[in-house]
Amino acid sequence: MQINRRDFVKLTGVSLGLGLGLANASLSAFARATKPPIGRVVIIGGGYAGATAAKYLRLWSLGAIEVIVVEAHQQFVSCPLSNLVLGGSKSINDLTFGYDALKANHGIQWVHDTVTAVDPDAKKITMLRGDLSYDRLIVAPGVDFIYDDLPMLASAEAQQQIPHAWKAGWQTVNLRKQLEAMPEGGVFVMNVPKAPYRCPPGPYERVCQVASYLKAHKPRSKIIVLDANAEIISKKGLFIKAWANLYPGIVDYRPDSTVTNVDVATKTVTTDFDKVSADVLNIIPPQQAGKIAKIANLTEKDYPWCEANFLTYESKLVKNVHVLGDSVAAGLPKSAHMATNQAKVCANAIVQLMAGLAPDSAPVFANTCYSFVTDKTAMHVANVYRYDAAKKIMISAEGGGVSSAPSDKEGEYAASWAQNIWTDVLT
Amino acid sequence: MKKIITMIGLATLLITSVARATEVFVLSANPSHIHVLAASCATCHGTNGNGVDQTKPLAGIGKTDFLTKMLAFKSGERKATVMHRHAKGLNAQEIEGLAAYFSAQIPRQPSALPSQVLNKNHAN
């Protein structure tokens with residue numbers, strides 16, 4: 001089935017006019033929207049990267065670029081702050097949002113569907129309901145898990161027993177319930193996958209949140225951390241201090257411990273050196289670029305991430321296809337703030353290119369990432385990144401670094417960071 | 001003949017799209033390098049410097065006020081929790097560009113995005 005624009009609008013019921021008829025529509029926006037677009041960008045994925053790219057493409061093109069997002073989920077659930085659901089200071093409903101404001105405020109067309117194929121020669125994608133053509137495609141699928149070495153965890157049934165909870169949602173809620181049901185004196189076992197993975201400090205923040213719950217409710221319990229890496233890979237000194245000072249006797253951290261086998265029924269984990277039994281088991285599998293990136297041939301054999309041009313985020317392998325967020329092989333932290341930065345550089349580049357101009361040759365952006373060590377105390381890692389024209393990569397500028405110590409003030413900043421990034425991305 | 005008509009068609013299309021493109025460029029008020037950098041600040045300070053919650057709003061800030069504070073963060077003269085990390089990573093030209101950008105934004109008071117109850121059928 002080939003969908004032309006008119007059919008498409010009928011099909012989705014979300015026409016530009018309908019979107020603009022809602023809140024925040026201005027006359028000038030309406031005037032712009034009535035002109036024919038200068039190009040169409042289709043975005044696969046409505047996470048931090050995809051939703052940001054959609055909004056800023058519309059804003060910076062003054063509505064002249066038609067934007068269609070294809071997203072499989074009806075709601076946006078934030079991974080940032082989701083560890084606090086395990087600690088108990090947040091509920092999953094505090095982190096769940098709709099897309100309606102974003103769609104209506106910016107006249108973004110939205111399709112709730114799954115993409116099954118990309119044809120870069122014909123410049124079209126195939127969804128379950130049919131085809132959609134594009135001038136430029138943005139692929140922002142986040143991460144997928146690699147189950148090659150842990151096939152016993154690939155099924156939904158196994159994940160009910162042993163959740164990853166590394167994409168915020170029901171698995172997060174499930175893991176919290178298991179923690180609540182764990183007996184006093186029990187053992188919570190979790191792993192850290194081999195880097196790179198989504199959110200470098202995330203697993204260590206999770207250790208803090210679980211430990212915080214145990215300290216308050218089950219103080220004779222402990223948490224064993226099996227890290228596939230040789231050491232804590234983000235905010236190392238700060239986490240070591242936090243565990244020693246705040247959670248003495250609760251956190252048992254073991255580096256160089258790759259999970260090689262899991263017995264789902266008994267919740268027993270095997271590493272090269274160890275065999276550990278858990279009352280509650282949380283396995284975060286190793287990660288790769290989202291499935292559609294593979295389908296679209298944006299990855300090369302034996303390398304699971306997508307190489308991109310950091311001035312435009314156009315794939316190095318496929319023309320007119322851009323890739324954003326955690327799927328990108330950027331050598332930088334796979335964080336939500338970074339995903340939105342890449343999306344903004346990409347959106348600006350596409351606007352410039354569609355207007356027949358050269359994209360910014362020296363992009364600069366900042367990354368701020370907070371981790372909560374208790375329910376209200378947090379610490380940061382923050383850096384400015386600058387494009388290096390000789391190396392053709394984004395490199396860390398001077399002045400970056402981490403907090404000297406976690407504080408309640410940074411906890412307030414972190415909460416504010418979350419409110420602002422959600423509002424920036426989704427309204 | 002057919003070829004000529006096609007060529008005329010293409011030429012018209014080209015002229016139309018160039019005209020449209022130029023308009024887009026002209027309407028984009030800020031040089032793109034600075035507005036993309038400024039958008040990076042939105043994660044804490046809100047879209048166009050109009051934040052929600054308690055972070056300092058930047059939209060409509062006095063140019064001198066912005067410059068003075070950022071340069072003091074950069075030199076270390078003014079103590080900061082996080083901002084010194086960002087100020088130190090930017091050059092004087094960028095700080096000046098950001099001052100001009102944020103001072104030109106219209107202050108608004110956006111409300112934070114309300115959260116929702118997670119649907120039963122949500123995957124993950």
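Remember, it's a predicted structure, so these values are computed and weren't measured experimentally.
Considering every non-hydrogen atom in both A:Trp170 and B:Lys120, the closest pair reads NE1-O, 3.5 Å. The minimum heavy-atom distance linking A:Ala101 with B:Leu113 is given by the pair CB-CD1, 4.5 Å. Smallest separation of non-hydrogen atoms from B:Val52 and A:Asn420: N-OD1, 2.8 Å. Nearest heavy-atom pair, A:Thr340 versus B:Thr43, reported as atom, atom and distance to 0.1 Å: OG1-OG1, 3.8 Å. Minimum heavy-atom separation, B:Ala112 to A:Thr423: CA-OG1, 3.8 Å. The heavy-atom pair separating A:Phe97 from B:Pro114 by the smallest distance is CD2-O, 3.4 Å.
Side-chain contact between A:Gln75 and B:Leu118 is present, with at least one heavy-atom pair separated by less than 4.5 Å. Side-chain contact between A:Thr96 and B:Ser115 is absent, with no heavy-atom pair separated by less than 4.5 Å. Looking at A:Trp60 and B:Val36, their side chains come closer than 4.5 Å, going by heavy atoms from C-beta outward. Counting only heavy atoms from C-beta outward, the side chains of A:His380 and B:Arg85 approach each other to under 4.5 Å.
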>> Applying side-chain contact (heavy atoms from CB on, under 4.5 Å) to A:Trp166 and B:Asn124, what does each step give before you reach the verdict?
In response: CA-CA 9 Å; A:Trp166 210 242; B:Asn124 309 319; over 6 Å; no

> Checking side-chain contact (heavy atoms from CB on, under 4.5 Å) for the pair B:Thr47/A:Lys55: CA distance, chi angles, key distance, verdict?
Replying inline: CA-CA 11 Å; B:Thr47 306; A:Lys55 166 174 169 171; 2.8 Å; yes

>> Would B:His86 and A:Asn383 count as a side-chain contact (heavy atoms from CB on, under 4.5 Å) here? Give the steps.
In response: CA-CA 6 Å; B:His86 299 306; A:Asn383 280 85; over 6 Å; no

> When you look at A:Tyr370 and B:Val82, which way does the side-chain contact (heavy atoms from CB on, under 4.5 Å) test go after all the steps?
Replying inline: CA-CA 10 Å; A:Tyr370 292 99; B:Val82 186; 3.4 Å; yes

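Comment: A:Arg386 engages B:Glu94 in a salt bridge, judged by a side-chain N to carboxylate O separation of less than 4.0 angstrom.
Heavy-atom neighbours of chain B within the stretch residues 400-410 of chain A, taken at a separation under 4.5 angstrom, comprise A:Gly400, A:Gly401, A:Val402, A:Lys409, A:Glu410.
Judged purely by distance below 3.5 Å, without hydrogens or angles, the side chains of A:Asp360 and B:Ser32 never pair a donor atom with an acceptor atom. B:Thr55 and A:Ser416 are linked by a side-chain donor-acceptor pair at a separation below 3.5 angstrom, with hydrogens and angles left out of the test.
Heavy-atom pairs under 4.5 Å with chain B peak, among A:Lys167, A:His73, A:Glu412, at A:His73. Looking only at heavy-atom pairs under 4.5 Å with chain B, the residue among A:Gln419, A:His337, A:Gln74, A:Gln159 that has the most is A:His337.
Under the ring-ring contact (aromatic ring centres under 6.0 Å, His included) criterion, no residue pair touches residues 340-368 of chain A, with sequence neighbours excluded.
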